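Okay, structure first, notes after.
Source: prediction; values computed, not measured. Start at 1 and go down the list; that is how both ligands and their atoms are numbered.
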Amino acid sequence: MDGNIISSDQVIIKVVEMGFEYSDVMQAVKAVGQSIDDVLEYILSGSCTNSQGASSSSKCHAANGKTISKRVLSSSHPASKVRQSCILEHFQSTSRTKQSKHFFANNIPVTRVDDLLSSGEKQKEPLSDMYRNPETLSESILVDSSQELNIGSDWVQKVGNLLQKHFGFSCLKSFQKEALESWLAHKDCLVLAATGSGKSLCFQIPALLTGKVVVVISPLISLMHDQCLKLAKHGINACFLGSGQPDNTVEQKAMRGMYIIIYVCPETVLRLIKPLQKLAESRGIALFAIDEVHCVSKWGHDFRPDYRRLSVLRESFSTTNLKSLKFDIPLMALTATATIRVREDILKSLCMSKETNIVLTSFFRSNLRFSVKHSRTSPSSYEKDFHELIEIYARKGKRAELKKTCISQESDDESSSSDTSSIYEADRISPCELNNVEDGYFERDSSELSSRKRGGSPASKGKEMSVEYLENDVDVFQSADDWDVACGEFCGQSPQASKDVFCLSETTDPPNKLEGRLRLCKEPVEKGPTLIYVPTRKETLRITKYLCGFGVKAAAYNASLPRSHLRQVHKEFHENTLQVVVATIAFGMGIDKLNVRRIIHYGWPQSLEAYYQEAGRAGRDGKLADCILYANLTRTPSLLPSRRSEEQTKQAYMMLSDCFRYGMNTSCCRAKILVQYFGEDFSHEKCFLCDICVDGPPQTQNLKEKADSLLEVVAKDCGQSSFRECSYDDLYFDDGKKRLAEKPSLKMLVSKIREQSGKFMATDILWWRGLARIMESKGYIREGDDKSHVQIKFPELTELGLDFLKSMSEQTFNVYPEADMLLAEKSPKSFSTFSEWGRGWADPNIRRQRLEKFQSERKSWMPKGSKRLRKRKNTKRKPDQRTVRGRLAAKLSKQK
Ligand SMILES: Nc1ncnc2c1ncn2[C@@H]1O[C@H](COP(=O)(O)OP(=O)(O)OP(=O)(O)O)[C@@H](O)[C@H]1O
Ligand SMILES: [Mg+2]
């Protein structure tokens, strides 16, 4: 017998496959751990407390007719690499050939209607048979499909029993109860609850409670797959449909009602409306759940046009269209990140009823410690930014050789996914291969890479993996197939673990008692796994290589890497053998891993929605976790390339701008900004954990003089020198028509301020940029350009601004300087001399002075047309070998 310790999921799969009761196996794994030998010994010794009184081991012997100890478990056993929607099906098919005919019916832990029976409610017998053995299901099975639920008033008790039995939880959370109440009242429902709060249960319970089908619309195949696997582990018969489903019989079976939960992407559900209508009339559909519903909205992140077409569900499954229904089939929409505008858009786009119940829980995650740090986020800053991480993880004293690496060299064959050796181990990829990535050539698997569906721009298809390719390619989420790395090897935690989470999160201090947690603010978080999010694919490789170089067990994850590698990363991440995953946004939607301790964003995220969703993957166990954003606070972020309409571009800029302001903020609690962004009233003012709460805001400054100067040049630029007397209309309108005069940019305005007063000569444009943002937020100026910008570019005075200006001498203007202003004040010369030089040319005074100086110097030591100058002109600049571009250029010129 193989005595190796493998993952608990594999142990469970293998032992259940031998014919043991699922509950016994779970009990044994919990008691003795992940060794198959120990698990078997535990069960065979009769230690399991079987509800039916009989020892499961004897049943197993009878069923198998073999002595278990002689069985050989191979790591290449199909169970370990099944890539099927329903693990139960896999059990079923293997058991049919190997074991007694009725194995599935008797031993597989499928959802039992007995659960309901035991809690008092008598159900129709055929239904319970069907649960035990989906094969026996036929359309003749009579289920009340009329949407009459008949659950009974003691439904809370029944749900409690189901929860305990399937998930090991003691009770529902209050928002889950509220969502279920809506469903029981046949109402539509929009559930807005924090990441990791347990939204899935809201739509899983209706299936368990009624025995009718629940259709779950979900955006990603890997997400659906992950959920199906988890449900299978909990004894619930679920499947997923769509292009990622390798078994084409699953769809037919699903449409015959063989699975109580069907996961499907929006594209597929639209194709299946007719069969689903039949299913609703025969077996009955309890609910349509639309998970990650923010994808519906153009105003949110991750917009998916097909989600908008889901409005057809309301009409197709209503009493007007399906006569056998007594009530419309309810819709339940769920998300963790939706602003008020997005919520309205969801309700409208899905044609949800006017009585839709909005179940809103706090978005606040009290154990997350948010902070923002200034960094160039380039290789030159890795040392400064990652030294702490390296200290946490690196094996002491050993600076690992670079051959410890991060990219799996294997081809994308299925067998590789069962290989449990570590992906950062040596020899999977040679150091030179990794260097090739740096050098710009990464030709391995190019055929696969080009043929694979990528999230990147269409132009990238078939393109060689050159530096440019990696540099410019970002992962964009477009369809359900994107980043489909579904694999059968990993699952979430055991019910017991989840139970612990529940206890922790329920006992987390309410925000008004957070002062007591102040001691936590400087405490280091535990060692657990770290996720680093970066904007580009190339960055994933660079940082991984850097960390691996210090012996950190890190792996890169982006949509262009071979699937076998991605699967392996998922697997090792879930098994806690990886310390750090450096990923693009391709990693993680819906990932339910409890112990992620750090989420680092290295570079600006594209929106606060995306940021909060990604950060929300930390600390799901309720323990302290860090969410650190490293961003270049001296630069305005730019949009990553993606296909967008004009309207979407505008929206994308607005979201990016909100994100930028989050980074620039120096005075308001970060958790407060985040939850308020989602429309929640965060009445507690502080989280007592974030960098702002801990370090405190900076000293306020009276910026009246500078603010006046700025407003003055803005007003003067409208051609009104006597703005003190003029009205707002005089300033901006000619005979009621808005002036179309070209507006000066902020840069030009700052030059004018410098021209007017030598006092402000040393004040950096970076500082003025911060002031302009503050003035804009207070309503004194606004963007005068029709286009959207992340940061105000062409300031235009508002009426309020004019009033401010007129009352010039009376007021003070005390404000908290923002992050860029502080940086400019702290190290006015922190920018390269080159950029200083460049900035100088924008200033007319400096420009004049420089030109005069230059001309006089030239006259004195270099006569016009001198040899030296000519020589210089003819000398070709050699490519700089230190930069990637330089090396590429050198290579190209050599080839020529
Ligand atoms: N009533 C409950 N008691 C205890 N734990 C629960 C309960 N409901 C859910 N959980 C646990 O909460 C965790 C998160 O659940 P789930 O994946 O449904 O979160 P989610 O809200 O969908 O998160 P995301 O927004 O990231 O998709 C799971 O591990 C689950 O087992
Ligand atoms: Mg979820």
Practice task
Return yes or no for this condition: an N or O of Thr195 is under 3.5 Å from an N or O of ligand 1.
Solution key: no

Exercise for the section: Consider only side-chain N and O atoms of Ser362 and Glu680, and report whether a donor and an acceptor are under 3.5 Å apart. Expected result: yes

Handout entry: Subset of ligand 1 atoms that lie under 4.0 Å from at least one heavy atom of Arg620
Key = 23 (O), 24 (P), 26 (O)

Handout entry: Phe364, Phe678, Tyr677, Phe363 screened by ring pair (Phe, Tyr, Trp, His ring centres under 6.0 Å) with Tyr612, the one that passes
Key = Phe678

Problem - Electrostatic pair Glu344:Lys348 at N-O distance under 4.0 angstrom - result: no

Completion exercise
Within 4.0 Å of some non-hydrogen atom of Ser200, the atoms of ligand 1 are 16 (P), 17 (O), 18 (O), 22 (O)

Handout entry: Proximal ligand 1 atoms for Glu292, defined as those under 4.0 Å from one of its heavy atoms
Key = 27 (O)

Practice task
For the residue pair Tyr662 and Tyr611, categorise the inter-ring angle as parallel (less than 30°), tilted (30 to 60°) or perpendicular (more than 60°).
Solution key: tilted

Exercise for the section: Examine the proximity of ligand 1 to Gln176 and report which part, side chain or backbone, both or neither, has a heavy atom under 4.0 Å away. Expected result: side chain

Exercise for the section: Describe, in one word, how the ring planes of Phe317 and Phe288 are oriented to each other, choosing from parallel (under 30°), tilted (30 to 60°) and perpendicular (over 60°). Expected result: tilted

Exercise for the section: Check each of Lys199, Lys177, Lys230 against atom 25 (O) of ligand 1 and report the one with the nearest heavy atom. Expected result: Lys199

Fill in the blank from the handout: Closest heavy-atom approach to atom 14 (C) of ligand 1 among Gly196, Ser218, Cys171, Ala194 is made by Gly196

Completion exercise
NE2 of His166 to CG of Leu201, rounded to nearest 0.5 Å, is 11.0 Å

Handout entry: Nitrogen or oxygen atoms of Ala336 and ligand 1 under 3.5 Å apart
Key = no

